[in-house]
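By convention in this document, chain letters (A, B, ...) are assigned in the order of the sequence lines, proteins followed by strands, and residues within each chain are numbered from 1. Because the structure is a prediction, the values reported are computed rather than measured.
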Amino acid sequence: MTIQLHDTMAGAARELVPLEPGHVRVYSCGPTVYGPAHIGNFRSFLFGDLLVRYLRYRGFRVTWVMNVTDVDDRIIKGARAEATTIGELSERHRKMLVSDMQTLGIAMPDFMPKATENIPQMVELIQKLLDGGHAYKTDDGSIFFRIASWPEYGRLARLDPEGMKVGERVEADDYAKDDVRDFALWKGPKPDEPSWETSIGPGRPGWHIECSAMSMRYLGPSFDIHTGGVDLVFPHHTDEIAQSEAATGQRFVAYWLHNAFLQMGAQKMSKSLGNIERVGDVIDRGISPRALRLALSSAHYRAPLSFGEDSLQAASSAIDRLDALFAALATYRCDGPDDATLPDLLDGARAAFEAALDADLNISPALAALFDLVRELNRRIDARVLSTADASRATAFIRDLDRVLGIAPALDESLDLELQKLVDDRAAARAARDWAASDRLRTVLAERGILVEDTRDGQRWRRGE
RNA sequence: GGCGACGUACCCAAGUGGUUAAGGGGGAGGUCUGCAAAACCUCUAUUCGGCGGUUCGAUCCCGCCCGUCGCCUCCA
């Protein structure tokens, strides 16, 4: 079975065939670190994470690059307002980004290049465009991409290049240019703005050029997959394609993948709408990181995803259900023979799981396959048809699927000495049929975040939250 | 206006031209249990925004209408 991915350029799902067999090169548009990223941004990064995790699960070698934009108008403005440097401001927010990514269990990209550390690569690219007649310099030292030199401009967004001329946004840009549709590759120096001395003159990079330069640096002039939010289709990715392909003469990207927005009620979550929440806000409200991850992952990436208290509570409950199964499997003891039909059950679950994700990363049926399995395993635990070894096999199996999902409980499930003593004391109290003491200890443990449950295999515990 | 999507139960959300319309959450009842929790069982959409059309048959294809959202050089 092959992996199908919906390519925005084709407007349809296409079979993934890596340029280099067995190796997939992925570039994800990362954030501009002018402030803390909000969870809408993280939906995007989580989508990149799902893609990369699944490709790796399927046995591909993956090289994943996510850029960090650390120079732009908002960063400059922010640094000025705080009387600090763009370097300090952006590094502070980059660290928060990495921290939040770790909280959400997002795999660290192989490379997270900063724009300001790739200026020479951008300059080289811009020089090529100047040499090829695709770019021109204006009086203030800015350099623009000449859209008229690139007939295929706008294909990704299905734009009519002629129709764009009526766009009445001439005033939107402070820089003079030949054609309103032309976009900045390089912005000429201005007082009070950071500027780099380069062979194409002083100034700073435009927004789009960094992604072309950095993706090519780490992945080559032509690579497999480029991801980002739907809002980036135009102009960002449209411009990236034009400048990259005009410079190299090669197809830039083989598959363009775009995720839909996170919805807060009827609208997208966005800073300009003021309806944002941050990872820290949600965690501080007592929602576990895994529940947040599940809530942000539970719909297909190209479908708008509703976010709110209901979805967080639903995800928390689903995580609890998963945790309860792990706890039950860990405590389960039965000396009987192995369940002869368990291998078929697990094979069926895996087949359903993979079939769903093969189809353009359709995570909903994949989660359904997991939770179908959860129910069936609980049934078999109740019926005691599993052997002790079967319980271990089932645990290992779910952990294997979880390489893709990232929602299973942590592996390290040991308690500190004090809590372990309380757990042991309660087991002793129960053995002595001292219900008052055992109930009291159960309450004490619950207040410490440890949920104790009694089963015919004895007492078991799991972490709440 | 141009372009791109969407409307499935109380909420979230898959899906298929035709046997029972996934899964999660919530709710009701039940089993088990010292109690509790967890788990399991049963029930919770004769129906897929509305109206037409194509078809032996449509939620799924086509048209129109209603409603919602996104992008059109700030934007994951």
Side-chain angles (χ1 to χ4, degrees), chain A residues 8 11 28-32 34 37-48 72-74 154 157-160 163-164 166-167 169 172-173 180-184 207-208 227-236 238-239 258-263 266-273 294-295 298-300 302-325 327-328 352 356 362-372 374-383 430 433-436 438-439 442-443 446 451-456 460 462:
Chain A
T8 303
S28 295
C29 271
T32 300
Y34 66 100
H38 58 73
I39 55 175
N41 300 125
F42 283 104
R43 184 191 187 191
S44 251
F45 311 147
L46 230 21
F47 155 55
D72 91 319
D73 294 350
R74 290 166 295 173
R158 291 168 172 67
L159 293 175
D160 171 11
M164 284 185 63
V166 300
R169 308 266 185 142
D173 205 307
V180 292
R181 303 171 302 158
D182 292 348
F183 60 89
W207 174 29
H208 318 297
T227 75
V230 281
D231 54 327
L232 299 183
V233 172
F234 184 85
H236 187 50
T238 295
D239 291 352
H258 294 101
N259 63 276
F261 288 119
L262 189 65
Q263 298 285 126
Q267 289 177 307
K268 71 168 181 173
M269 177 180 288
S270 81
K271 189 161 185 185
S272 55
L273 290 171
L294 180 60
S298 57
H300 183 88
R302 282 188 295 108
L305 171 61
S306 302
F307 181 83
E309 213 49 49
D310 287 355
S311 69
L312 288 172
Q313 288 308 325
S316 294
S317 296
I319 291 291
D320 285 346
R321 182 166 166 75
L322 198 56
D323 287 357
L325 175 68
N362 194 354
I363 197 162
S364 293
L367 288 170
L370 172 67
F371 281 99
D372 279 338
V374 169
R375 177 181 302 103
E376 187 53 34
L377 288 172
N378 276 323
R379 274 189 195 130
R380 294 182 188 206
I381 288 169
D382 281 5
R430 259 182 62 76
R433 304 185 70 80
D434 180 352
W435 307 131
S438 96
D439 288 355
R442 182 168 62 200
T443 305
L451 305 180
V452 183
E453 294 163 357
D454 300 313
T455 76
R456 60 179 287 180
R460 74 180 178 224
R462 62 192 166 93

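- Here, rA13(B) and rA45(B) have their C1' atoms 14 Å apart, quoted to the whole Å.
- The side-chain ring of W435(A) is stacked on the base of rG34(B), judged by centre separation under 5.5 angstrom and plane angle under 30 degrees.
- One atom, CG of D439(A), and another, P of rA37(B), lie 12 Å apart when rounded to the nearest Å.
- Using a 4.0 Å heavy-atom distance criterion, R460(A) is classed as a sugar-phosphate-only contact.
- In this structure, R380(A) places its CZ atom 18 Å from P of rA39(B), rounding to the nearest Å.
- Taking the side chain of R181(A) as heavy atoms from C-beta on, and the options rC40(B), rA76(B), rU73(B), the nearest nucleotide is rU73(B).
- The listed nucleotides are rA76(B), rC69(B), rC41(B); the one nearest the side chain of A266(A) is rC69(B).
- Among the heavy atoms of the strands lying under 4.0 Å from G228(A) are primed sugar atoms or P, OP1, OP2 only; no base atom is included.
- Only the P atoms considered, rA22(B) is 39 Å distant from rA76(B), to the nearest whole Å.
- Distances shorter than 4.0 Å separate none of the side-chain N or O atoms of R462(A) from OP1 or OP2 on rA37(B).
- Picking from rA14(B), rG25(B), rA36(B) the nucleotide with the shortest atom distance to the side chain of N362(A) gives rA14(B).
- The P atoms of rG15(B) and rG23(B) are separated by 14 Å, rounded to the nearest whole Å.
- Spacing of C1' atoms, rC75(B) relative to rC69(B), comes out at 16 Å, to the nearest Å.
- Across residues 304-312 of chain A, P304(A), S306(A), D310(A) each have a non-hydrogen atom less than 4.0 Å from an atom of RNA chain B (numbered order).
- Scanning atom types as modelled, no donor and acceptor separated by under 3.5 angstrom connect the side chain of R433(A) and the base of rG34(B).
- Note that CD1 of I39(A) is 3.0 Å distant from CZ of F307(A), once rounded to the nearest 0.5 Å.
- R379(A) places its CZ atom 11 Å from the C1' atom of rA39(B), with the value rounded to the nearest Å.
- Minimum atom distance to the side chain of F234(A) is reached by rU73(B), of the listed rC35(B), rA22(B), rU73(B).
- When rounded to the nearest whole Å, the span between CG of D372(A) and C1' of rG24(B) equals 11 Å.
- The C1' atoms of rU20(B) and rC43(B) are separated by 15 Å, rounded to the nearest whole Å.
- In terms of modelled atom types and a separation under 3.5 Å, the side chain of R43(A) and the main chain of A260(A) share a donor-acceptor contact.
- Considering only side-chain atoms of D382(A), the nucleotide from rA36(B), rA76(B), rC40(B) that sits closest is rC40(B).
- Within 4.0 Å of A315(A), counting heavy atoms only, lies no atom of the nucleic acid at all.
- Taking CD from Q267(A) and CG from L262(A), the interatomic distance works out to 12.5 Å, rounded to the nearest 0.5 Å.
- Among rG25(B), rA76(B), rU73(B), the nucleotide with an atom closest to any side-chain atom of S44(A) is rA76(B).
- Among the atoms of the strands shown, none is found under 4.0 Å from any heavy atom of A37(A).
- In terms of phosphate contacts, S317(A) brings a side-chain nitrogen or oxygen within less than 4.0 Å of OP1 or OP2 of rG26(B).
- Using a 4.0 Å heavy-atom cutoff across all strands shown, R302(A) reaches no nucleic acid atom at all.
- Remark: R375(A) is in phosphate contact with rG24(B), judged by side-chain N or O atoms under 4.0 Å from OP1 or OP2.
- One distance of note links CD of E453(A) with CZ of R442(A); it measures 10.0 Å at 0.5 Å rounding.
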What dot-bracket string describes RNA chain B from 5' to 3', counting Watson-Crick and G-U wobble pairs whose defining distances are under 3.5 Å, with [ ] for crossing pairs and | for pairs to another strand? (((((((..(((.....[....)))((((((.......))))))....(((((..]....))))))))))))....
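- Using a 4.0 Å heavy-atom criterion, one finds that H300(A) contacts the sugar-phosphate atoms exclusively.
- Residue R442(A) contributes atom CZ, which lies 4 Å from atom C1' of rA36(B) at whole-angstrom precision.
- Here the nucleotide nearest the side chain of R321(A), chosen from rG24(B), rC74(B), rG34(B), is rG24(B).
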side-chain contact (heavy atoms from CB on, under 4.5 Å) between L325(A) and N378(A), intermediate numbers included: CA-CA 7 Å; L325(A) 175 68; N378(A) 276 323; 3.5 Å; yes
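- One can place CG of N41(A) at 5 Å from C1' of rA76(B), the figure rounded to the nearest angstrom.
- Residue whose closest nucleotide on RNA chain B sits further toward the 5' end, between A314(A) and H38(A): A314(A).
- Side-chain atoms of K271(A) stay outside donor-acceptor range of the base of rC74(B), with no qualifying N/O pair under 3.5 Å.
- On the C1' atoms, rU54(B) is 26 Å away from rG67(B), given to the nearest whole Å.
- Distance alone, capped at 3.5 Å, places no donor-acceptor pair between the S44(A) side chain and the G40(A) backbone.
- Remark: P of rG70(B) and CG of L262(A) are 13 Å apart, rounded to the nearest angstrom.
- Between the side chain of S438(A) and the base of rG34(B) there is at least one donor-acceptor pair of N/O atoms closer than 3.5 Å.
- Separation of the C1' atoms belonging to rA5(B) and rU44(B) is 31 Å when rounded to the nearest angstrom.
- Using a 4.0 Å heavy-atom cutoff across all strands shown, Q313(A) reaches no nucleic acid atom at all.
- Considering only side-chain atoms of D454(A), the nucleotide from rA36(B), rA14(B), rG25(B) that sits closest is rA36(B).
- At least one donor-acceptor pair under 3.5 Å links the side chain of S364(A) to the backbone N or O of S298(A).
- In this structure, A368(A) and P365(A) both approach RNA chain B, and ranking their closest nucleotides by distance from the 5' end singles out P365(A).
- Annotation: rU46(B) and rG63(B) have their C1' atoms spaced 27 Å apart (nearest Å).
- Proximity note for A324(A) (side chain, C-beta onward) versus rC41(B), rA14(B), rA38(B): the nearest is rA38(B).
- Side-chain atoms of D382(A) never come within 3.5 Å of backbone atoms of R379(A) as a donor-acceptor pair (strictly under, hydrogens ignored).
- Note on F371(A): only backbone sugar-phosphate atoms sit closer than 4.0 angstrom, heavy atoms only; bases stay farther off.
- Between N378(A) and rC40(B) there is a side-chain N or O to OP1 or OP2 distance below 4.0 Å.
- Going from atom CG of D231(A) over to atom P of rG70(B) covers 12 Å, rounded to whole Å.
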